[in-house]
Number of protein chains: 2
Amino acid sequence: MPKINALETGSSEQRNSLNHQAIEDYLKTIYMLAMEETPVTTSRIAEARDVKPGSVTSMIQRLAKLHLVNYEKHYGVTLTDAGTKVALEVIRHHRLIELFLIEALGFTWDEVHEQADILEHVISEKLEERIAAALNYPQFDPHGNPIPSREGVMHSVEAEPLSALAAGVRARIAYVLNDENSEMLRYLAELGLTPGAVLEIKQVAPFAGPLTVEIEKESRVIGHTIASAVMVTREPADEPVAP
Amino acid sequence: MPKINALETGSSEQRNSLNHQAIEDYLKTIYMLAMEETPVTTSRIAEARDVKPGSVTSMIQRLAKLHLVNYEKHYGVTLTDAGTKVALEVIRHHRLIELFLIEALGFTWDEVHEQADILEHVISEKLEERIAAALNYPQFDPHGNPIPSREGVMHSVEAEPLSALAAGVRARIAYVLNDENSEMLRYLAELGLTPGAVLEIKQVAPFAGPLTVEIEKESRVIGHTIASAVMVTREPADEPVAP
DNA sequence: CTCATATTTTAGGTACTCCAAAAATAGCAT
DNA sequence: ATGCTATTTTTGGAGTACCTAAAATATGAG
Ligand SMILES: [Mn+2]
Ligand SMILES: [Mn+2]
Ligand SMILES: [Mn+2]
Ligand SMILES: [Mn+2]
């Protein structure tokens with residue numbers, strides 16, 4: 001029947017696809033962590049992937065041998081061009097799949113991350129292309145994150161957390177963090193806090209307190225933690241002029 | 001991110017899903033082989049899976065320990081109820097996915113087997129259900145094979161190879177064997193030999209020679225090998241009565 | 001220079017494979 | 001029925017890809 005291992009078993013192996021779940025996931029993790037701070041240390045990867053540091057070290061050594069990362073002992077790793085390419089490829093898969101599950105199969109935005117995290121490693125390039133085509137070559141995933149292009153280019157959006165805004169500011173939701181937190185996603189959807197929504201800050205309680213926002217003419221009070229996960233871009237304050 | 005191994009790593013493991021690529025594929029292979037002859041021997045499995053007999057023996061021992069097969073040394077294996085359930089589940093996934101790739105994403109029937117062979121192991125029950133629903137709960141896959149129900153019931157179709165028919169007989173194509181042979185599938189499609197098509201045998205050359213069939217008013221000559229892969233049911237000879 | 005902390009190394013485990021040697025069975029001749 | 005060979009199956013040893021746990025070592029703060 002299958003044999004995903006066909007290329008790796010025995011001695012020769014490694015045709016052109018240096019794929020495999022684990023490798024791809026490490027590269028993806030490193031890519032994400034590098035966006036926050038570079039180089040990426042062993043312990044940050046271990047924490048993110050929920051494995052022990054020793055496991056990370058040995059995987060890093062493998063990745064370095066495959067020229068997917070640059071590795072300096074006791075210092076950290078950075079992705080090589082080849083490693084970046086793989087990471088972006090996987091992220092493209094992930095985000096296309098999330099959107100497809102919602103658009104084509106009726107899933108909700110809190111249900112798709114887990115399944116996408118598995119499928120991202122096993123779809124062929126042809127299937128990726130068909131999915132992209134079926135979705136009309138979308139730019140953003142359901143959580144507002146940009147989908148890298150087939151060529152491996154990702155246009156990241158400049159945004160700031162909702163929690164950083166002051167009263168009176170109008171903003172549009174760009175994307176949400178923690179898309180693996182289903183419970184939070186359900187809560188956000190309930191409040192109408194989804195990408196594209198426009199809101200205005202009414203009140204900000206001090207000391208990381210709750211903020212009051214107006215959205216769709218409704219006033220909502222949300223906690224600081226949630227507000228930190230919602231990334232927004234500022235909108236010009238409105239005051240629609242009557243003609 | 002992911003961690004398909006989350007449940008198996010370390011010591012405890014095995015929540016409810018005794019899944020995993022290899023195990024599922026062995027069970028599927030055994031199921032298929034058991035339809036031809038039971039018990040299923042080590043060497044038949046080895047040949048079907050293209051691994052060495054020694055590998056099969058050790059996997060069989062594992063499966064037996066998991067109560068997925070009954071194993072008698074030097075004799076053969078049969079699936080237990082639990083093993084049958086897993087096999088049918090995987091076959092259901094496979095066939096639903098093949099159909100979905102064609103119906104929803106525009107693949108052709110010669111392109112889907114390989115991708116389905118991988119995806120079958122990684123779709124959740126929820127995704128399976130959504131795919132089935134999107135296809136309106138289909139009974140047959142694109143190659144004419146029955147799709148087992150969610151409860152694990154498969155209604156197999158009584159059919160005989162086209163190559164077994166005599167001249168003059170009319171028949172309807174039920175399904176084709178070797179759905180992993182893309183080249184053959186493309187050739188069959190070209191000739192119009194797809195499930196549901198009705199044809200009439202015009203001539204049969206002796207000694208496993210070619211047969212001439214009429215299909216869609218066209219006369220076609222096909223080799224014995226191909227004809228053996230096309231499974232048909234007999235149709236009453238027609239002679240449409242003019243009113 | 002010393003020590004806490006992060007990191008790497010080492011050793012050991014599971015899953016899956018291959019190869020080669022040993023054991024069991026089956027086919028067949030007598 | 002008995003024995004012998006050809007075939008199949010099992011066993012044992014090994015290798016890769018993960019992982020953990022625990023011991024050894026590098027780093028940099030004070
Ligand atoms: Mn996601
Ligand atoms: Mn993943
Ligand atoms: Mn198939
Ligand atoms: Mn498979």
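In the text below, chain A, chain B and the rest are named by the order of the sequence lines, each starting its count at 1.
Of the candidate nucleotides dA6(C), dT17(C), dT8(C), dT17(C) has the atom nearest to the side chain of S58(B). Distances were taken from every side-chain heavy atom of K52(B) (C-beta onward) to each of dT17(C), dC19(C), dC19(D); the shortest belongs to dC19(C). Which of dT27(D), dT17(C), dT9(D) sits closest to the side chain of H74(A) comes down to dT27(D). Checked against dC19(D), dC18(D), dT17(C), the side chain of S55(B) finds its nearest nucleotide in dT17(C). Of all nucleotides listed (dC19(D), dT9(D), dT17(C)), dC19(D) comes nearest to the side chain of V51(A). Closest contact between the side chain of M59(B) and the listed nucleotides dT17(C), dC18(D), dT9(C) involves dT17(C).
Checking the phosphate oxygens (OP1, OP2) of dC18(D), a side-chain nitrogen or oxygen of R62(A) falls inside 4.0 Å. Distances shorter than 4.0 Å separate none of the side-chain N or O atoms of Q21(A) from OP1 or OP2 on dA17(D). Contact annotation: K73(B) reaches the phosphate of dT11(D) (side-chain N/O to OP1 or OP2, under 4.0 Å). Applying the 4.0 Å criterion to OP1 and OP2 of dT17(C), one finds that R49(B) has a side-chain N or O inside that range. Contact check, Y71(A) against dT8(C): a side-chain N or O comes under 4.0 Å of OP1 or OP2.
For H94(B), the ring-ring contact (aromatic ring centres under 6.0 Å, His included) partners two or more places apart in sequence, or in a different chain, are H113(B).
For the pair E129(A) and R150(A), the salt-bridge criterion is met [side-chain N within less than 4.0 Å of a carboxylate O].
Put simply, the side chain of H121(A) gets close to the backbone of D117(A): a donor and an acceptor are under 3.5 Å apart. Judged by distance alone, with hydrogens and angles left aside, the side-chain atoms of S163(B) form no donor-acceptor pair with the main-chain N or O of H224(B) at under 3.5 Å.
Within the nucleic acid shown, T57(A) comes within 4.0 Å of at least one base atom, counting heavy atoms only. Across all strands, S43(B) comes closer than 4.0 Å only to sugar-phosphate atoms, never to a base (heavy-atom distances). Y75(A) comes within contact range of no nucleotide atom at all, as no heavy-atom separation falls under 4.0 Å.
The residue from K85(B), R92(B), H93(B) that alone fulfils the side-chain hydrogen bond (donor to acceptor under 3.5 Å, both in side chains) condition with E89(B) is H93(B).
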